[in-house]
Colleague: 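A single structure is presented below for examination.
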Number of protein chains: 2
Amino acid sequence: MLHEEVVGRIRAILLDGEIPPGARIPERELCDRLQISRTPLREALKVLAAEGLVQLLPHRGSRAAKLTDKDMRDLFEVCQGLEALAGELACERINDAEIGEIAAAHADMVQRYREGDLIQYYRGNRAIHEAIVAAAGNPALTGLYASVTARIRRARYVTPMTPQRWAFAVKEHEAILNALQRRDGAGLSHILRAHLRHKREEVLQAGFAETEASDLALRIA
Amino acid sequence: MLHEEVVGRIRAILLDGEIPPGARIPERELCDRLQISRTPLREALKVLAAEGLVQLLPHRGSRAAKLTDKDMRDLFEVCQGLEALAGELACERINDAEIGEIAAAHADMVQRYREGDLIQYYRGNRAIHEAIVAAAGNPALTGLYASVTARIRRARYVTPMTPQRWAFAVKEHEAILNALQRRDGAGLSHILRAHLRHKREEVLQAGFAETEASDLALRIA
DNA sequence: ATCCCAAATTTTGCATTCAAAAATGTAAAA
DNA sequence: TTTTACATTTTTGAATGCAAAATTTGGGAT
């Protein structure tokens with residue numbers, strides 16, 4: 001079993017919320033499940049801790065990272081900065097084919113919106129944001145963006161939306177595509193920031209501070 | 001020996017260039033030197049690989065990461081974005097005491113410039129940039145900035161300078177301090193970008209693409 | 001019944017060990 | 001002499017073992 005695969009699988013488990021934020025990560029169980037010994041598992045946990053997805057407590061094991069409102073705000077801020085930068089760079093470097101792909105993804109997303117399919121809408125939404133970042137042609141940026149977005153993904157793409165906000169978000173996306181097609185870097189950067197700022201406000205207002213595992217258990221019960 | 005300490009010490013060894021970019025990392029030797037076994041060492045190497053300082057080659061060991069011109073350009077771009085963001089946030093949040101500290105650091109740096117002490121000038125320079133980022137009050141940003149700057153530090157703070165460029169850089173820093181004192185976020189952001197773009201041009205023009213370890217050995221020989 | 005402290009158990013962190021893969025060295029053939 | 005095939009050594013990646021730390025459990029005192 002390859003090292004990267006172990007990291008990827010545990011990351012997936014954490015992002016799926018299978019181990020909820022704040023919950024203890026059961027080493028032994030994961031070892032059994034992934035059919036590996038503790039050595040590669042612990043290496044993976046250290047890597048994920050460096051990424052911010054796991055919290056290591058000396059002599060007390062590891063927990064799925066739990067984000068406070070402040071953490072969430074901070075990460076959204078950074079994400080804004082990264083997307084704004086990506087937008088500017090993308091406008092300088094993107095070619096017509098890539099714009100075509102993004103336009104297609106946009107059309108698909110709008111269709112999902114019309115169908116009222118929030119899950120698929122979010123999926124398309126995310127694909128567009130990732131495509132813009134990819135179009136910046138900067139792997140270092142892409143990597144950092146991936147790491148930051150992974151941490152706020154659940155908040156960003158799981159929050160319920162009001163019809164008004166959803167409609168507004170779609171409008172913003174029209175503007176995003178438009179700016180991209182006009183290669184208006186400054187404009188795109190500006191819209192992306194606003195877009196993400198609105199998303200952040202939604203998320204924080206929805207009280208998406210990640211709850212303790214115990215709280216979560218209580219809620220479910 | 002604490003896990004973080006091992007990571008920190010190896011990081012220092014890499015940043016000092018004691019193991020030059022591209023060179024193989026001698027596991028056994030480092031184990032002896034740090035008085036640890038391979039298990040914690042390998043955990044640390046995996047973490048540093050996630051940070052981008054180490055390159056892992058399956059079944060072929062690890063090497064100190066070697067940056068191409070493109071890598072360097074990309075990282076400088078990201079660094080620009082992060083500093084620009086930090087500048088804007090800092091202007092919103094910084095208090096007079098913090099500005100005073102940065103002003104003092106600036107004065108000290110200018111003094112070093114007058115003395116012609118490049119090493120100390122760079123040290124002060126770095127302290128100012130880090131203080132601005134810290135003033136943004138965003139730990140997520142601070143962490144990302146640290147990780148990105150670590151990778152380009154050698155290029156950024158080791159490149160020799162012409163008197164003209166040095167003088168110009170000092171001028172830019174005057175403008176940086178000025179914008180900060182006026183809490184002009186947009187202005188500061190703009191200046192920081194330009195400042196870093198100039199630095200990047202210097203670095204890339206100086207041909208600071210990191211050389212193979214073998215090349216380095218040949219050069220020395 | 002509750003609280004507190006000590007013993008037992010579990011869990012963590014690291015060293016050691018083991019198997020597999022790669023690198024190296026050697027010898028034979030072209 | 002050069003090249004190639006093979007055996008040996010080294011190094012890597014992962015499992016296991018062991019000591020220390022933390023958590024849990026049980027018993028006794030209040």
Side-chain angles (χ1 to χ4, degrees), chain A residues 1-14 18-66 212-218, chain B residues 1-14 18-66 212-218:
Chain A
M1 163 109 37
L2 219 55
H3 163 73
E4 272 186 41
E5 199 190 323
V6 178
V7 174
R9 290 192 60 179
I10 301 173
R11 202 196 334 256
I13 289 172
L14 294 170
E18 197 179 323
I19 296 177
R24 242 159 137 275
I25 292 173
E27 268 189 21
R28 183 59 45 135
E29 238 176 80
L30 278 182
C31 287
D32 294 347
R33 177 162 160 191
L34 302 184
Q35 294 288 318
I36 55 174
S37 76
R38 283 180 57 224
T39 306
L41 179 78
R42 299 182 84 260
E43 286 176 352
L45 290 177
K46 295 259 190 329
V47 170
L48 291 167
E51 281 180 29
L53 284 170
V54 165
Q55 194 177 3
L56 297 175
L57 303 107
H59 294 285
R60 283 194 205 172
S62 38
R63 294 178 167 273
K66 191 183 56 175
E212 287 278 358
S214 51
D215 294 353
L216 210 83
L218 283 175
Chain B
M1 162 111 37
L2 218 54
H3 162 74
E4 271 185 42
E5 198 189 323
V6 177
V7 174
R9 291 192 58 181
I10 301 173
R11 204 197 330 258
I13 289 172
L14 292 171
E18 196 178 326
I19 296 177
R24 255 168 124 269
I25 293 172
E27 271 190 18
R28 181 62 46 149
E29 242 175 77
L30 278 181
C31 286
D32 294 347
R33 176 159 159 193
L34 303 184
Q35 295 287 316
I36 56 175
S37 76
R38 283 180 57 224
T39 307
L41 179 79
R42 299 182 84 258
E43 287 176 352
L45 290 178
K46 295 258 188 335
V47 170
L48 292 167
E51 282 181 28
L53 283 169
V54 165
Q55 193 177 6
L56 297 176
L57 303 107
H59 293 286
R60 285 194 201 175
S62 38
R63 293 175 169 275
K66 189 185 59 176
E212 288 278 356
S214 51
D215 294 353
L216 210 85
L218 283 174

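Chain letters run A, B, ... following the sequence lines, proteins first and then strands; every chain starts at 1.
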Colleague: Checking B:Ala50 now: which residues fulfil side chain to side chain contact (heavy atoms under 4.5 Å, CB included) with it, not counting sequence neighbours?
Modeller: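 Scan of B:Ala50 (side chain to side chain contact (heavy atoms under 4.5 Å, CB included), adjacent residues dropped) gives A:Val47.
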
Colleague: Of all residues at least two apart in sequence or in a different chain, which pass the side-chain hydrogen bond (donor to acceptor under 3.5 Å, both in side chains) check with B:Glu29?
Modeller: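 Partners of B:Glu29 under the side-chain hydrogen bond (donor to acceptor under 3.5 Å, both in side chains) test: none.
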
Colleague: Search all heavy atoms of A:Arg63 against all heavy atoms of A:Ile25 and return the closest pair with its distance.
Modeller: C-CD1, 3.8 Å

Colleague: Supply the atom-to-atom distance A:Ser62 OG to A:Glu27 CD, rounded to the nearest 0.5 angstrom.
Modeller: 5.5 Å

Colleague: Return the polar atom pairs (N/O with N/O) between nucleotides 6-9 of chain D and the protein under 3.5 Å, or none.
Modeller:
none

Colleague: How many angstroms lie between CD1 in B:Ile10 and CG in B:Leu53, if you round to the nearest 0.5 Å?
Modeller: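 Reported to 0.5 Å precision, the distance equals 11.0 Å.
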
Colleague: Excluding sequence neighbours, so at least two apart, what forms salt bridge (Lys or Arg N to Asp or Glu O under 4.0 Å) with B:Glu5?
Modeller: none

Colleague: Dump the pairs, protein N or O against N or O of nucleotides 5-14 of chain C, anything under 3.5 Å, distances to one decimal.
Modeller:
unit_1	atom_1	unit_2	atom_2	d
C:dT12	OP1	A:Arg24	NH2	3.4
C:dG13	OP1	A:His59	N	3.1
C:dG13	OP2	A:Arg42	NH2	2.4
C:dG13	O5'	A:Arg42	NH2	3.2
C:dG13	N7	A:Arg38	NH2	3.0
C:dG13	O6	A:Arg38	NH1	3.4
C:dC14	OP1	B:Met1	O	2.6

Colleague: Just jot down the salt bridge (Lys or Arg N to Asp or Glu O under 4.0 Å) partners of B:Glu4, sequence neighbours excluded, or say none.
Modeller: none

